[in-house]
Amino acid sequence: LAWSMGQLQNLETVLIREVKDLQSEAASERDFLDALGIRSFAAVPLATGAVPLGFLGFLSRSGPIVWDRETLMLLRMVAEMFLNALQRKKVQSELEKARRAAEAAAKAKARFLANIRNEAGRINDIATFQCSPDVFPKVAIAIRIKHHRRSHLQQRFRVVLQDGGIRELRRLHGPQD
């Protein structure tokens, strides 16, 4: 079917009024359509811009059809309606896929934020415990001794707590050495 496919690839409409009258260059089309009992055939390309996507075919087994200008215009309109419906379905499918991905991302974000809030709550508990005036000096000494064994983030957190605790002690009890 090289002849008709070549025309469709070039975005040309294939119009065959009478299959038996096809030229020798379209012999494979003539033999194929004749074997199926098709007497007349038209194929309108489906394309987006200059990119062929397929075709919409119309046939007659009862006899030859005169594919006049008005009929051809109607066939092209039907082909455009099919193409628009297919493209709309594709876009809706992509939108649904994006919606599901956005929902999954929102759920992951919510889980992440819940974990952060939970961790922040635990940090607040630790900070409250470590900043109490009667316990803090002992904790500060323990932090200084074990300082080299902690990760960088833990060290920064401990230093902030330590400095905050000293300020809290000074605020509550006045300057201390």
Side-chain angles (χ1 to χ4, degrees), residues 1-127 149-161:
L1 306 177
W3 175 76
S4 58
M5 289 299 130
Q7 284 188 307
L8 292 167
Q9 286 293 326
N10 291 329
L11 304 179
E12 298 173 17
T13 301
V14 176
L15 298 173
I16 303 171
R17 182 178 184 273
E18 182 73 51
V19 170
K20 68 178 182 167
D21 293 340
L22 281 172
Q23 302 293 326
S24 60
E25 63 193 24
S28 63
E29 280 85 351
R30 182 181 57 223
D31 296 340
F32 177 74
L33 295 172
D34 192 42
L36 296 173
I38 298 171
R39 305 242 347 246
S40 191
F41 180 75
V44 179
L46 300 175
T48 299
V51 179
L53 302 174
F55 68 92
L56 185 60
F58 304 89
L59 60 91
S60 170
R61 289 190 169 148
S62 61
I65 294 180
V66 176
W67 304 103
D68 62 18
R69 189 173 196 190
E70 185 179 314
T71 304
L72 183 58
M73 185 176 70
L74 290 172
L75 295 178
R76 287 183 178 146
M77 289 173 68
V78 170
E80 284 183 38
M81 288 190 298
F82 273 98
L83 181 62
N84 289 338
L86 291 171
Q87 289 176 331
R88 186 172 44 254
K89 181 175 173 132
K90 181 181 177 186
V91 167
Q92 287 174 339
S93 175
E94 290 171 355
L95 284 172
E96 179 61 25
K97 184 179 177 182
R99 184 190 62 76
R100 285 193 306 266
E103 285 177 355
K107 287 178 183 177
K109 178 183 170 185
R111 283 192 305 271
F112 174 77
L113 291 175
N115 286 340
I116 292 295
R117 280 191 294 274
N118 185 31
E119 290 300 318
R122 288 185 2 178
I123 290 171
N124 284 340
D125 292 344
I126 293 169
R149 294 185 196 153
R150 304 209 181 276
S151 72
H152 178 70
L153 184 60
Q154 288 173 326
Q155 289 173 10
R156 290 188 64 201
F157 179 69
R158 299 288 183 188
V159 168
V160 167
L161 286 178

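Values in this document were obtained by computation on a predicted structure and should not be read as measured data.
- Classification of E96 and R99 as a salt-bridged pair holds, one side-chain N sitting under 4.0 Å from a carboxylate O.
- The shortest side-chain heavy-atom distance between T13 and P45 falls under the 4.5 Å cut-off.
- Open room surrounds CD on Q23; 12 or fewer heavy atoms of other groups in view lie less than 6.0 Å from it.
- Atom CG of L11 sits about 13.5 Å away from atom CZ of F55, to the nearest 0.5 Å.
- Annotation for L36 and R61: closest pair O-NE, 3.2 Å, computed over non-hydrogen atoms.
- Between R76 and E80 there is no salt bridge, since none of the side-chain N atoms of the basic residue sits less than 4.0 Å from a carboxylate O of the acidic one.
- Between S60 atom OG and I38 atom CD1 the span is 9.5 Å, to the nearest 0.5 Å.
- Salt bridge E103/K107: absent, no basic N to carboxylate O contact under 4.0 Å.
- Nearest heavy-atom pair across R30 and L22 is NH1-O, 2.9 Å.
- Closest heavy-atom contact between S40 and P64: CB-CA, 3.9 Å.
- Atom CG of L33 is separated from atom OG of S28 by 9.0 Å, given to the nearest 0.5 angstrom.
- Within 6.0 Å of atom CD in Q9, 12 or fewer heavy atoms from other residues, nucleotides or ligands are found, so the atom counts as exposed in its surroundings.
- A distance of 8.5 Å separates CE in M73 from CZ in R69, rounded to the nearest 0.5 Å.
- The line from CZ of R39 to CG of D21 is 10.0 Å long, rounded to the nearest 0.5 Å.
- Looking only at side-chain heavy atoms (C-beta outward), L75 and W67 come within less than 4.5 Å of each other.
- The minimum heavy-atom distance linking P52 with L8 is given by the pair CB-O, 4.2 Å.
- To the nearest 0.5 Å, atoms OG1 (T71) and CD1 (I65) are separated by 8.5 Å.
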